[in-house]
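Taking it in order: structure first as structure tokens, then the write-up.
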2 protein chains.
Amino acid sequence: MRLTTKGRYAVTAMLDLALHQGKGPISLADISDRQGISLSYLEQLFAKLRKQELVQSVRGPGGGYELKRDSAQINVAQVVDAVNESVDATGCQQKGNCQSGEICLTHHLWMDLSGQIHGFLSGISLADLVVRNDVQTVAQRQDGRATEELILASRSS
Amino acid sequence: MRLTTKGRYAVTAMLDLALHQGKGPISLADISDRQGISLSYLEQLFAKLRKQELVQSVRGPGGGYELKRDSAQINVAQVVDAVNESVDATGCQQKGNCQSGEICLTHHLWMDLSGQIHGFLSGISLADLVVRNDVQTVAQRQDGRATEELILASRSS
DNA sequence: TTTAATTCCTACTAAATTACTCGGGTAAAT
DNA sequence: ATTTACCCGAGTAATTTAGTAGGAATTAAA
């Protein structure tokens, strides 16, 4: 079962994209600033997200990334799956060869858990997250700070 | 979120204990043979399980481990928690300081997921697992093989 | 047409974690 | 006494994560 910073970063970045939808492509530099994720690392994650056709890119100045589908059509499980291998709690990638070719004592338990997690995460779309109160609050804080930094930067120039 | 071989081994070993309950203490060597887990590694895991008072030990010849509580009173979440730090999907150990002291955009999502996983695993006791068909089948295979090996060993001596 | 912004791509690396091994203890039964 | 088993701490190889580095390709705008 892998659910580490990698998967969390991916979901966070995708949610950032969903929140700033309709303003043209969003650059990874913006996401990096807002979410505090290293730019190079974001590039690697978005390479995978693009392969899975969850985002599309626009190159050149003013370019960036956009969701390839509507935010209601992208769920959290898809995003995590795109960057991790899978939301899988078994040790055998569900093959059932966990104990020298045969299934181990707890194989079905981990299969059930995997199903549970996948069911939960696939039931939550980016659109669902966007309208959540806690997400709105944090997003406002992040956008506010970004604006603040812009003002500070323009003053000092 | 950590759910790796470590946690799976712990649950498997505890289930082995539950399956062979009432036959006196079970040695780690037996569990190692049946479940294909390194003996030394099992020792480390059982040190933690003992600290959490999930098992008790009997030293000396004929010794081993027994469940400290009834198998119905021990759930899978407790076992995983005993060896991993926790079944926690957040990156901040639920402290909410994920983004430079404040909560990150997806904090509540991972809190919810953690709750979901914990709820699922804490709803399954060792006793529940023991009576499952798939567990029974594998247990029979494992016990059968152990007996077979005994016969082969006695023949070659 | 140059410049700058941006994605794209590959390789490398530091830190952490996992999944062990090793070597010696300590307690208790025979 | 000897053996069986738990107990304990240190060390280690492999893997993964998280991130760096450097550059090439693309394209909008100056």
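We name chains A, B, ... by the order of the sequence lines, and we start the count at 1 in each one. Quick caveat: nothing in here was measured; it's all calculated off a predicted structure.
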>> Using whole Å, what does the distance between atom C1' of nucleotide C/dC9 and atom CZ of A/F46 come to?
In response: 17 Å

> Across the strands shown, which category fits B/Y9 at heavy-atom distances under 4.0 angstrom: base, sugar-phosphate, nothing?
Replying inline: sugar-phosphate

>> Quiz question: by atom type and distance under 3.5 Å, do the side chains of A/D134 and A/T137 form a donor-acceptor pair?
In response: no

> If each of A/S27 and B/I37 is mapped to the nucleotide of DNA chain C with the nearest heavy atom, which maps nearer the 5' terminus, i.e. the 5' end?
Replying inline: A/S27

> A/D33 has an atom CG; how far is it from atom P of C/dA5, in whole Å?
Replying inline: 14 Å

> Per the atom types in the model, does the base of C/dC20 pair as donor or acceptor with the side chain of B/Q44 at under 3.5 Å?
Replying inline: yes

> Roughly how far, to the nearest 0.5 Å, is the CE atom of A/M111 from the CD1 atom of A/I103?
Replying inline: 9.5 Å

> Within the pair A/K6 and D/dT17, is there a side-chain N or O less than 4.0 Å away from OP1 or OP2?
Replying inline: yes

> Got a sec? Which of residues 17-24 of chain A come in under 4.0 Å of DNA chain D, heavy atoms?
Replying inline: none

>> Rounded at 0.5 Å granularity, tell me how far CG in B/L129 sits from CD1 in B/I74.
In response: 11.5 Å

> Linking I/L/V/M/F/W/Y whenever their side-chain heavy atoms sit closer than 4.5 Å, directly or via other members, would B/V58 and B/L45 fall into one cluster?
Replying inline: no

>> Taking the minimum atom-to-atom distance to the side chain of B/Y41, which one of D/dC7, C/dT18, D/dA18 wins?
In response: C/dT18

>> Given C/dT18, D/dA21, C/dT7, identify the nucleotide with an atom nearest to the side chain of B/T4.
In response: C/dT18

> Does A/S40 have any side-chain contact (heavy atoms from CB on, under 4.5 Å) partners at least two apart in sequence or in another chain, and if so, which?
Replying inline: A/S38

> For B/K48 and D/dC7, what is the distance between atoms NZ and P respectively, to the nearest whole Å?
Replying inline: 16 Å

> Any Lys/Arg nitrogen of A/K23 or A/D30 sitting under 4.0 Å from an Asp/Glu carboxylate oxygen of the other?
Replying inline: no

> Whole Å only: how far is the CD atom of A/Q35 from the P atom of D/dA18?
Replying inline: 16 Å

> Taking CG from B/L39 and P from D/dC8, how many angstroms apart are they, rounded to a whole number?
Replying inline: 15 Å

> Between C/dT6 atom C1' and A/R50 atom CZ, what is the distance in whole Å?
Replying inline: 13 Å

>> Can you tell me how the ring of A/Y65 sits relative to the ring of A/F46, calling it parallel under 30°, perpendicular over 60° and tilted otherwise?
In response: tilted

> Under 3.5 Å, is there a donor-acceptor pair between the side chain of B/Q140 and the main chain of B/V135?
Replying inline: no

> So which one's nearest nucleotide on DNA chain D is more toward 5', B/S40 or B/G63?
Replying inline: B/G63

Show each protein N/O and nucleotides 24-29 of chain C N/O combination with a separation under 3.5 Å, one pair to a line.
| from | atom 1 | to | atom 2 | distance (Å) |
| --- | --- | --- | --- | --- |
| C/dT26 | O2 | B/R59 | NH2 | 2.4 |
| C/dA27 | O4' | B/R59 | NE | 3.3 |

> Between atom CG in B/L45 and atom P in C/dC20, what is the gap in whole Å?
Replying inline: 10 Å

> Which listed nucleotide (C/dT7, D/dC8, C/dC20) is nearest to the side chain of A/L28?
Replying inline: C/dT7

> Just checking, any donor-acceptor pair under 3.5 angstrom between side chains of A/E66 and A/Q21?
Replying inline: no

> B/S57 side chain: which of D/dC6, C/dC9, C/dT21 is closest?
Replying inline: D/dC6

> Will you find, in the side chains of B/W110 and B/T106, an N or O donor that is under 3.5 Å from an N or O acceptor?
Replying inline: yes

